[in-house]
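Here the structure is laid out as structure tokens; the discussion comes afterwards.
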Amino acid sequence: QVQLVESGGGLVQPGGSLRLSCAASQSTFRIYTMGWYRQAPGKQRESVAIITAGGSTNYATSVKGRFTISRDNAKKTVYLQMNNLEFEDTAVYYCNADRDSRIGSVQPMWTWGQGTQVTVSS
């Protein structure tokens with residue numbers, strides 16, 4: 001069973017930045033499309049950013065231009081750089097491999113990790 005460990009969340013003021021990390025235990029990490037997702041209280045989990053095995057990226061409209069997804073295959077880690085954070089970005093953030101490289105289609109391949117809380121508050 002693949003283990004996913006997300007980290008890097010915290011409390012930040014509007015306009016601030018955070019960098020999330022997600023380490024996977026999957027030895028063939030490099031072949032998977034990876035995504036970042038978030039779930040706010042009372043809302044469904046949504047995809048935020050996707051990066052394919054080849055490095056192509058897709059972003060939700062709400063975060064485009066503010067968030068950047070990247071990956072380090074040697075470390076089996078995917079990152080999410082979040083800049084200019086807004087109140088609406090408050091959520092628990094998760095990563096996973098996805099069967100679909102399109103934003104909006106959440107098709108996780110592995111068991112979800114515990115996530116990391118991001119709170120944007122003044």
Side-chain angles (χ1 to χ4, degrees):
Q1 182 171 334
V2 178
Q3 303 293 323
L4 295 166
V5 180
E6 298 95 345
S7 61
L11 174 64
V12 63
Q13 293 184 338
S17 297
L18 285 173
R19 188 192 193 208
L20 307 184
S21 299
C22 171
S25 63
Q26 174 60 257
S27 60
T28 57
F29 172 87
R30 68 187 183 281
I31 70 172
Y32 291 95
T33 290
M34 295 297 298
W36 279 98
Y37 312 83
R38 66 186 181 187
Q39 188 166 18
K43 294 187 177 182
Q44 287 191 330
R45 194 166 302 186
E46 61 176 353
S47 58
V48 173
I50 294 286
I51 185 166
T52 67
S56 297
T57 58
N58 290 308
Y59 297 93
T61 300
S62 59
V63 308
K64 198 171 294 184
R66 301 188 297 120
F67 290 11
T68 303
I69 188 171
S70 61
R71 66 192 298 163
D72 184 333
N73 290 332
K75 295 183 178 179
K76 296 182 288 183
T77 299
V78 61
Y79 304 97
L80 187 68
Q81 177 67 44
M82 305 188 296
N83 298 328
N84 194 21
L85 283 159
E86 302 172 353
F87 293 120
E88 292 75 18
D89 297 318
T90 295
V92 180
Y93 284 71
Y94 304 85
C95 74
N96 212 312
D98 204 298
R99 292 180 173 85
D100 196 324
S101 63
R102 294 173 296 178
I103 286 292
S105 176
V106 180
Q107 299 187 42
M109 297 187 68
W110 303 328
T111 301
W112 295 103
Q114 83 288 350
T116 186
Q117 175 71 49
V118 171
T119 303
V120 184
S121 176
S122 55

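Side chains are part of it too, since the values below use all heavy atoms of this structure and drop only hydrogens, waters and symmetry mates.
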Would you indicate whether the side-chain heavy atoms of [Y] and [X] approach each other to under 4.5 Å?
{"X": "Q1", "Y": "T111", "result": "yes"}
{"X": "Y94", "Y": "C22", "result": "no"}
{"X": "Y37", "Y": "W112", "result": "yes"}
{"X": "K76", "Y": "Q26", "result": "no"}
{"X": "S121", "Y": "L11", "result": "yes"}
{"X": "I50", "Y": "I69", "result": "no"}
{"X": "W36", "Y": "I51", "result": "no"}
{"X": "V118", "Y": "L20", "result": "yes"}

Closest approach of D100 and S105, non-hydrogen atoms and distance? OD2-OG, 3.3 Å
Could you go step by step and tell me if R71 and F29 meet the side chain to side chain contact (heavy atoms under 4.5 Å, CB included) rule? CA-CA 10 Å; R71 66 192 298 163; F29 172 87; 3.6 Å; yes
Answer with yes or no whether the hydrophobic clustering places [X] together with [Y]; edges join I, L, V, M, F, W, Y residues whose side-chain heavy atoms lie under 4.5 Å apart.
{"X": "V2", "Y": "M34", "value": "yes"}
{"X": "V106", "Y": "V92", "value": "yes"}
{"X": "V5", "Y": "Y79", "value": "no"}

Using 0.5 Å steps for rounding, measure from the [atom1] atom of [X] to the [atom2] atom of [Y].
{"X": "Q39", "Y": "Q44", "atom1": "CD", "atom2": "CD", "answer": "8.0 Å"}
{"X": "E6", "Y": "Q117", "atom1": "CD", "atom2": "CD", "answer": "12.0 Å"}
{"X": "T61", "Y": "I103", "atom1": "OG1", "atom2": "CD1", "answer": "8.5 Å"}

[X] side-chain N/O to [Y] backbone N/O, donor-acceptor pair under 3.5 Å:
{"X": "R66", "Y": "N84", "answer": "yes"}
{"X": "S47", "Y": "G104", "answer": "yes"}
{"X": "T52", "Y": "T33", "answer": "no"}

Please determine whether side chain to side chain contact (heavy atoms under 4.5 Å, CB included) holds for the pair M82 and V63, giving the CA-CA distance in whole Å, both sets of side-chain angles, and the decisive distance to 0.1 Å. CA-CA 9 Å; M82 305 188 296; V63 308; over 6 Å; no
Just to verify, which of D89, L80, V12, T119 counts as forming a side-chain contact (heavy atoms from CB on, under 4.5 Å) with L18? V12
Residues D98, Y32; criterion side chain to side chain contact (heavy atoms under 4.5 Å, CB included); working and verdict: CA-CA 7 Å; D98 204 298; Y32 291 95; over 6 Å; no
Quick one: sort the F67 and Y93 rings into parallel, tilted or perpendicular, breaks at 30° and 60°. tilted
